[in-house]
Enquirer: 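Once you've had a glance at the structure underneath, I'll fire off some questions.
Excluded from the calculations below are hydrogen atoms, water molecules and symmetry mates; all remaining heavy atoms, backbone and side chain alike, are included. Below, read A as the first sequence line, B as the second, and so on, with proteins coming before strands; counting in each chain starts at 1.
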Amino acid sequence: MAKPTPLSGFPELLPAQRYVEQQVVATLARTFELHGFANVETRAVEPLDQLLRKGDTSKEVYVLRRLQEDDSSKDKGIGLHFDLTVPFARFVLENAGKLEFPFRRYQIQKVWRGERPQEGRFREFTQADIDIVGRDTLPFHHDVEVARVMLEALGRLDFLPGFRLQVNNRKLIQGFYAGLGVTGEGIDEVMRLVDKLDKLPAEKVRELLLTEAGVSEDQADKALALATIRASDDSFVKQVRDLGVSHELLDEGLDELATLVRACAPLTTERTRIEADLSIARGLDYYTGTVFETRLDGYESLGSICSGGRYDALASDGRTTYPGVGISLGLSRLLVTLVQRGVLTADRSVPSVVLVAVTDEESRAEADAIATALRAREIPCEVAPTAAKFGKQIRHAERRGIPYVWFRQDDGTSEVKDIRSGNQVAADPATWQPPNEDLRPQVVTTIDEGESK
RNA sequence: GUGGGUAUAGCUCAGCUGGUAGAGCGCUGCGUUGUGGUCGCAGAUGUCGCGGGUUCGAGUCCCGUUACUCACCCCA
């Protein structure tokens, strides 16, 4: 078989890199559970009409088909899910009778999108979501809660670069535009154009506002002025007020956003910041209030690594609606990028902390016994694959990053060597203990205090 | 979906106006005969992405194709 080539957009990690990913998943899960979020796994597929509802055809869905299928025409079809929010909404409706509300869950799974891959953008990738849904109503303090939980989770990943959680509120934007006299579809159009500010210069956006959205010069200027406002505290409220626009919805949005920023402030550090950024709008989808995006320091070109928001009407069975708020972390976008650039990895490619050397094949049983004794005390180890020269066996350990090599002497005593320092000391498999920091692989990073990229 | 770029050793890449393929790193061995890393010496490795064309002769030029990749769109 010829050497296979990688499939674009379907990233695979080497063992050391995968270890980093597993550590991140474990940290996220632990943090989410600390806050009472239960885990759920939904099936990989949803009926196509579920995936495509809301006229959201922009998502490229992978469709599932049987190879031996004779006639697919009458089948309504199923496709792989492209996020975890839509399947979750379906799951809530399906199990509404068995769930307790407000229901909080976290979900860490693969999702698929048939888009053209690019750095940080894949066709198969992992998301980590937390959501809280209520029945009929869901108090605003849950918006604050999901932000705080994600802030805490990211903060615990101390080997990552710093990041900035950017927050805004759709009510604030929509109320502001309504107060300006923009109506109906114009509001969404203005929002969509202003959202391009990070790509296009303000001049260009202003021009588009006039031509495409058909707003007045004054309206365009005010909309742009609003979008330039950003603050790490609630000082943005005064800045918005100073623009002289008033509307009921605007007041509500301002109030919510200010509450959110104030409530998150105590959790922020130099590495983990929150910022009200009034240019954030998040596509057009189903968001109705709070919206989140997250930028990684030094990797701004990746786009948002963690986004979400408030959706008041995503799940509804006609009689009852289930408003929710959630936030979704792009695990692959974050990790695959850092790992492939070589800034994140583990200090060894195997879990073993000890390689038990084999003197000759006749004494392999003794080496196995030593390994068994170490494992009985939760010390991961492996026995050398061949009775090669000791130099080779040490090299075998070195290449895998295994820090210790165990030698059994002919008289039955043992010595263990730290191959990093060269120190070799007498040791007993029944009592020897490696330092705690050596027991498991460590995530190592080349990120310094300064910026990378 | 639109528009660029690239494809040569395990990896990163060089290879001029066409003349049967190279470097660095890595790998194997030896120096050092059962304790690695440094150093020195020696050695192995290629359907030049695939298919066709031009030519006495193609890694090199032409056409096609596939894969990868970058930007746009969009998003985690």
Enquirer: Does the side chain of A/Glu12 come within less than 4.5 Å of A/Arg18's, by heavy atoms?
Expert: no
Enquirer: How long is the line joining OH of A/Tyr299 and P of B/C75, in whole Å?
Expert: 25 Å
Enquirer: Nearest-Å distance, CG (A/Leu14) to C1' (B/G10)?
Expert: 13 Å
Enquirer: Before giving the answer on side chain to side chain contact (heavy atoms under 4.5 Å, CB included), spell out for A/Val146 and A/Phe292 the whole-Å C-alpha distance, their side-chain angles and the decisive distance to 0.1 Å.
Expert: CA-CA 10 Å; A/Val146 296; A/Phe292 304 105; 4.0 Å; yes
Enquirer: What integer number of Å spans the C1' atoms of B/A76 and B/U2?
Expert: 23 Å
Enquirer: Return yes if some donor-acceptor pair links the side-chain N/O of A/Arg148 with the main-chain N/O of A/Ala263 below 3.5 Å, else return no.
Expert: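 Yes; at least one donor-acceptor contact below 3.5 Å.
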Enquirer: Using whole Å, what does the distance between atom P of nucleotide B/C73 and atom CG of A/Leu208 come to?
Expert: 11 Å
Enquirer: Could you identify the nucleotide paired to B/A7, looking across every strand shown and requiring Watson-Crick or G-U wobble geometry with both distances under 3.5 Å?
Expert: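 Paired with B/A7, as far as the under-3.5 Å criterion goes, is B/U66.
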Enquirer: With a 4.5 Å cut-off on side-chain heavy atoms, are A/Leu51 and A/His81 touching?
Expert: yes
Enquirer: Does any nucleotide pair with B/A71 by Watson-Crick or G-U wobble geometry, both distances under 3.5 Å, and what is it?
Expert: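 By the stated definition (distances under 3.5 Å), B/U2 pairs with B/A71.
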Enquirer: If the C1' atom of B/G52 is compared with that of B/A42, how far apart are they to the nearest Å?
Expert: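 Per the computed distance, 44 Å lies between those C1' atoms.
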Enquirer: Which comes earlier along RNA chain B counting from the 5' end, the contact point of A/Ser307 or that of A/Gln424, where each point is its nearest nucleotide?
Expert: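 Its nucleotide being nearer the 5' end, the pick is A/Gln424.
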Enquirer: Quick one: label A/Ala388 by what it contacts on the DNA or RNA (base, sugar-phosphate, nothing), any heavy atom closer than 4.0 Å.
Expert: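 Base: the residue A/Ala388, judged by heavy atoms under 4.0 Å, touches a nucleobase.
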Enquirer: Would you measure the distance from the C1' atom in B/C73 across to the matching atom in B/U66 and give it in whole Å?
Expert: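 Rounded to whole Å, the distance is 25 Å.
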Enquirer: Scan A/Arg399 against the nucleic acid and name what it touches under 4.0 Å (heavy atoms): base, sugar-phosphate only, or nothing.
Expert: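 If one applies the 4.0 Å heavy-atom cut-off, A/Arg399 turns out to touch the sugar-phosphate alone, with no base involved.
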Enquirer: Measuring only the P atom in each nucleotide, how far is B/U65 from B/G5? A whole number of Å is fine.
Expert: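 Those two atoms are separated by 16 Å.
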Enquirer: Side chains of A/Ser332 and A/Phe122: closer than 4.5 Å at any heavy-atom pair?
Expert: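 SC-SC contact between A/Ser332 and A/Phe122 confirmed.
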Enquirer: Of all the choices, B/U35, B/A76, B/G36, which nucleotide is nearest to the side chain of A/Glu398 once you look at every atom?
Expert: B/G36
Enquirer: Which nucleotide wins on minimum distance to the side chain of A/Phe122, given the candidates B/G37, B/G29, B/A76?
Expert: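 The listed nucleotide nearest to A/Phe122's side chain is B/A76.
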Enquirer: Just checking A/Ser332: base, sugar-phosphate only, or nothing, at a heavy-atom cut-off of under 4.0 Å?
Expert: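 The residue A/Ser332 makes no contact with any strand.
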Enquirer: By nearest atom, which of the nucleotides B/C75, B/U35, B/G29 is closest to the A/Arg113 side chain?
Expert: B/C75
Enquirer: Contact class for A/Lys417 vs. all strands (heavy atom < 4.0 Å): base, sugar-phosphate, or nothing?
Expert: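 Touches a base.
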Enquirer: Sort out the partner of B/G59 for me: Watson-Crick or G-U wobble, both distances under 3.5 Å, none otherwise.
Expert: none
Enquirer: Is there a donor and acceptor pair, one atom on the side chain of A/Gln393 and one on the base of B/U35, closer than 3.5 Å?
Expert: no
Enquirer: Would you kindly give the CZ-to-C1' distance between A/Phe125 and B/C75, to the nearest whole Å?
Expert: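 In whole Å, B/C75 C1' lies 8 Å from A/Phe125 CZ.
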Enquirer: Let me know, please, whether A/Ile305 or A/Gly391 comes out on the 5' side of the other along RNA chain B by nearest nucleotide.
Expert: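 Going by which nucleotide is closer to the 5' end, it is A/Gly391.
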Enquirer: To the side chain of A/Gln127, which of B/G36, B/U28, B/A76 is closest?
Expert: B/A76
Enquirer: Is there a Watson-Crick or G-U wobble partner for B/A21 with both distances under 3.5 Å, and which nucleotide is it?
Expert: none
Enquirer: Please classify the nucleic acid contact of A/Val358 as base, sugar-phosphate, or nothing, using heavy-atom distances under 4.0 Å.
Expert: base
Enquirer: Which is true for A/Ile419 with a 4.0 Å heavy-atom rule: it touches a base, it touches only sugar-phosphate, or it touches nothing?
Expert: base
Enquirer: Quote, to the nearest angstrom, the C1' distance that separates B/C48 from B/G1.
Expert: 33 Å
Enquirer: Measure CD/A/Glu21 against P/B/A76 and give the value in whole Å, please.
Expert: 19 Å
Enquirer: For nucleotides B/A9 and B/G49, find the distance between their C1' atoms and express it as a whole number of Å.
Expert: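 Looking at atom C1' only, B/A9 and B/G49 are 15 Å apart.
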Enquirer: For residues A/Trp432 and A/Val416, report the shortest heavy-atom separation together with the two atoms involved.
Expert: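 Answer, listing the atom of A/Trp432 first, then A/Val416: NE1-CG1, 3.4 Å.
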Enquirer: Would you tabulate the nitrogen or oxygen pairs shorter than 3.5 Å linking the protein to nucleotides 69-71 of chain B?
Expert:
residue, atom, partner, partner atom, Å
B/U69, OP2, A/Ser8, OG, 2.4
B/A71, OP2, A/Gln118, OE1, 3.0

Enquirer: Restricting to nitrogen or oxygen on both sides, can you table the protein-nucleotides 41-44 of chain B pairs closer than 3.5 Å?
Expert:
none

Enquirer: Is the side chain of A/Ser352 donor-acceptor paired with the backbone N or O of A/Leu355 at a distance under 3.5 Å, no angle test?
Expert: no
Enquirer: Just to confirm, is there a sub-4.0 Å distance from OP1 or OP2 of B/G29 to any side-chain nitrogen or oxygen of A/Lys392?
Expert: yes
Enquirer: What interatomic distance, in whole Å, is found between P of B/C27 and the corresponding atom of B/C11?
Expert: 14 Å
Enquirer: Does A/Arg104 make a cation-pi contact with A/Phe37, if we ask for NZ or CZ under 6.0 Å from the ring centre and within 45° of the axis?
Expert: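 Ring-cation test returns yes.
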Enquirer: Rounded to the Å, how far apart are A/His396 NE2 and B/C27 P?
Expert: 14 Å
Enquirer: How long is the straight-line distance from CZ of A/Arg273 back to CD of A/Glu270, given to the nearest 0.5 Å?
Expert: 8.5 Å
Enquirer: Quick test of your reading of the model: are A/Arg230 and A/Glu275 salt-bridged, counting only N-O distances below 4.0 Å?
Expert: no
Enquirer: When you measure from the side chain of A/Arg123 to the backbone N and O of A/Ser8, does any donor-acceptor pair fall under 3.5 Å?
Expert: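 Yes: the side chain of A/Arg123 pairs with the backbone of A/Ser8.
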Enquirer: Send over the distance from A/Lys389 NZ to B/G29 P, rounded to a whole Å.
Expert: 8 Å
Enquirer: If I pick the C1' atom on B/C13 and the same atom on B/U8, what distance separates them, to the nearest angstrom?
Expert: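 The same atom, C1', in both gives a distance of 9 Å.
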Enquirer: Whether the side chain of A/Asn168 engages the backbone of A/Ile280 through a donor-acceptor N/O pair (distance < 3.5 Å, no angle test) should be reported.
Expert: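 Checked: pair present.
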Enquirer: Starting at atom CD1 of A/Ile394, determine the distance to atom P of B/G37, rounded to an integer number of angstrom.
Expert: 9 Å
Enquirer: Between A/Asp131 and A/Arg105, does at least one N-O distance fall below 4.0 Å, as a salt bridge requires?
Expert: yes
Enquirer: Watson-Crick or G-U wobble partner for B/G37, using a 3.5 Å limit on both distances?
Expert: none
